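Step one of this worksheet: look at the structure below.
Whatever order the structure lists ligands and atoms in, that order sets their numbers, starting from 1. Note: hydrogens, waters and symmetry copies are ignored here, and every other heavy atom, side chains too, is used. Everything quoted here is computed from the prediction, not taken from an experiment.
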Amino acid sequence: MIQETLVTSQNTAGLVHIAPMGIHRDGDHFVILPFRPSATLDNLLATGVAVLNYCDDVRVFAGCLTGRRDWPVKPAVTITGSVLACALAHTELALLHIEDDDTRPKLFCKAVHTANHAPFQGFNRAQFAVLEAAILVSRLHWLPPEKIASEIAYLKIGLEKTAGPKEWEAWQWLMDTIAAHTSEVAL
Ligand SMILES: Cc1cc2nc3c(=O)[nH]c(=O)nc-3n(C[C@H](O)[C@H](O)[C@H](O)COP(=O)(O)O)c2cc1C
């Protein structure tokens with residue numbers, strides 16, 4: 001199973017980095033697969049730890065893809081790391097081993113601490129739409145413009161029916177980024 005999480009990691013100087021990542025999970029073992037180059041990869045190799053944040057504020061996912069990476073954090077409990085203030089729950093990870101690859105190494109990790117902070121509020125189609133649109137934004141440079149346009153048109157149906165203010169704000173950031181990319185490509 002793959003879970004869409006926000007990975008917080010930090011470098012040896014303590015600078016926190018937040019990145020959305022699809023994490024492969026098997027019990028209390030997790031695999032993080034960062035595409036090179038990746039600050040998350042560099043930080044995990046340097047410190048051996050990271051935090052998975054389970055978060056329903058999709059502005060953080062959209063924000064990280066649109067240059068808004070400064071989100072409130074608090075200290076992790078058992079590792080030198082940071083937890084997103086908006087996380088409903090989080091898991092602290094220790095790196096066990098790496099399966100290296102020129103494109104996408106696999107980082108095998110084990111959970112060392114998990115905590116709940118707030119209740120899960122149920123599924124929301126607009127949050128799904130924002131996550132999918134954020135993935136499209138992360139692939140803007142490979143995908144044909146027609147594919148992006150058709151997927152956005154479909155995702156907008158669920159968004160318009162179910163979004164709250166946070167989902168609309170996140171969606172707008174993503175649409176601005178897609179519009180800027182489209183006009184750049186057209187030049
Ligand atoms: C929902 C979602 C899942 C993502 N999963 C991955 C992933 O598994 N691996 C990856 O390299 N990038 C993934 N991305 C894109 C990264 O978040 C983005 O490119 C990021 O900047 C990664 O590089 P970094 O470690 O340097 O921050 C994902 C983006 C989204 C929105």
Side-chain angles (χ1 to χ4, degrees), residues 1-26 29-71 73 81-84 86-91 93 95 98-109 123-143 147-148 151-152 154-156 158-159 163 166-178 180-181:
M1 179 174 178
I2 298 177
Q3 292 174 311
E4 304 304 342
T5 70
L6 292 154
V7 179
T8 40
S9 61
Q10 51 195 63
N11 65 13
T12 49
L15 185 69
V16 177
H17 181 77
I18 308 170
M21 294 262 167
I23 305 302
H24 297 234
R25 178 176 188 171
D26 182 7
H29 284 78
F30 297 81
V31 188
I32 305 175
L33 293 106
F35 285 100
R36 288 181 185 276
S38 159
T40 305
L41 172 64
D42 295 345
N43 289 348
L44 256 150
L45 293 180
T47 65
V49 291
V51 175
L52 300 184
N53 298 269
Y54 308 109
C55 189
D56 65 357
D57 185 343
V58 287
R59 294 177 305 172
V60 188
F61 289 86
C64 288
L65 271 291
T66 58
R68 298 168 176 88
R69 285 189 184 262
D70 195 12
W71 296 92
V73 292
S82 296
V83 177
L84 281 168
C86 66
L88 301 177
H90 83 274
T91 295
L93 297 180
L95 179 63
I98 172 167
E99 200 175 293
D100 211 355
D101 185 81
D102 287 345
T103 308
R104 200 178 188 192
K106 290 183 179 167
L107 301 169
F108 291 84
C109 302
F123 297 106
N124 172 260
R125 293 174 66 194
Q127 290 170 353
F128 160 77
V130 170
L131 278 194
E132 289 296 323
I135 290 171
L136 289 175
V137 165
S138 76
R139 298 174 182 171
L140 275 185
H141 293 280
W142 330 333
L143 291 174
K147 165 117 178 128
I148 295 168
E151 298 226 353
I152 290 297
Y154 173 71
L155 293 170
K156 214 172 166 193
L159 180 98
K166 288 179 183 173
E167 289 75 29
W168 275 116
E169 188 176 19
W171 181 262
Q172 199 51 55
W173 293 342
L174 296 167
M175 293 310 106
D176 291 347
T177 301
I178 292 173
H181 172 78

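- Under the 4.5 Å side-chain criterion, counting only non-hydrogen atoms from C-beta, Leu45 is in contact with Leu107.
- If you check which protein heavy atom lies closest to atom 14 (N) of ligand 1, you get Pro20 O, 3.4 Å.
- Counted within 6.0 Å of CG on Asp100, heavy atoms from surrounding residues, nucleotides or ligands total more than 12; the atom is thus considered enclosed.
- Distances between N or O atoms of Leu33 and those of ligand 1 include at least one value under 3.5 Å.
- Closest to atom 31 (C) of ligand 1 among all protein heavy atoms lies Ala134 CB, 3.5 Å.
- When Glu99, His29, His24 are each tested for a side-chain contact (heavy atoms from CB on, under 4.5 Å) with Phe108, only one passes: Glu99.
- Without hydrogens or angle criteria, Arg59 side chain to Asp57 main chain gives no donor-acceptor distance under 3.5 Å.
- The single protein non-hydrogen atom nearest to atom 22 (C) of ligand 1 is Met21 CE, 3.8 Å, given as residue, atom name and distance.
- There is a protein heavy atom less than 4.0 angstrom from atom 5 (N) of ligand 1.
- Near Phe35, meaning under 4.0 Å from any of its heavy atoms, are these atoms of ligand 1: 10 (C), 11 (O).
- Side chains of Asn53 and Val83 form a contact here, defined as non-hydrogen atoms less than 4.5 Å apart.
- Within the 4.0 Å heavy-atom criterion, the part of Glu4 lying near ligand 1 is the side chain and not the backbone.
- Proximity to Ala39 (heavy-atom distance under 4.0 Å) selects the following atoms of ligand 1: 24 (P), 25 (O), 26 (O).
- Taking every heavy atom of Arg104 and a limit of under 4.0 angstrom, the matching atoms of ligand 1 come to 7 (C), 8 (O), 9 (N).
- Here the side chain of Ser9 pairs no donor or acceptor atom with the backbone of Leu44 at under 3.5 angstrom.
- With ligand atoms numbered from 1 in the order given, ligand 1 contributes 1 (C), 2 (C), 30 (C), 31 (C) to contacts under 4.0 Å with heavy atoms of Ile135.
- Near Ala19, the atoms of ligand 1 lying under 4.0 angstrom from a non-hydrogen atom of the residue are 27 (O).
- Under a 4.0 angstrom heavy-atom cut-off, Pro34 registers as being in contact with ligand 1.
- Formation of a donor-acceptor pair under 3.5 Å by the Thr5 side chain with backbone atoms of Met21 is found in this model.
- Here the CG-CG distance, from Leu65 to Leu140, works out to 9.0 Å after rounding to the nearest 0.5 Å.
- Looking at Thr40 against ligand 1, both its backbone and its side chain come within 4.0 Å, counting heavy atoms.
- A donor-acceptor pair under 3.5 Å is absent between the side-chain atoms of Arg36 and the main chain of Pro105, judged by distance alone.
- For a threshold of 3.5 Å applied to N or O pairs, the pair formed by Gly22 and ligand 1 contains at least one separation below that value.
- For His181, the ring-ring contact (aromatic ring centres under 6.0 Å, His included) partners two or more places apart in sequence, or in a different chain, are His141.
- A 4.5 Å side-chain heavy-atom check between Leu155 and Trp171 finds at least one atom pair inside the cut-off.
- Atom 18 (C) of ligand 1 is not flagged as protein-proximal [any protein heavy atom, distance under 4.0 Å].
- In Arg69, the part holding a heavy atom less than 4.0 Å from any atom of ligand 1 is the side chain.
- Atoms of ligand 1 found under 4.0 Å from any heavy atom of His17, numbered from 1 in the order shown, are 24 (P), 25 (O), 26 (O), 27 (O).
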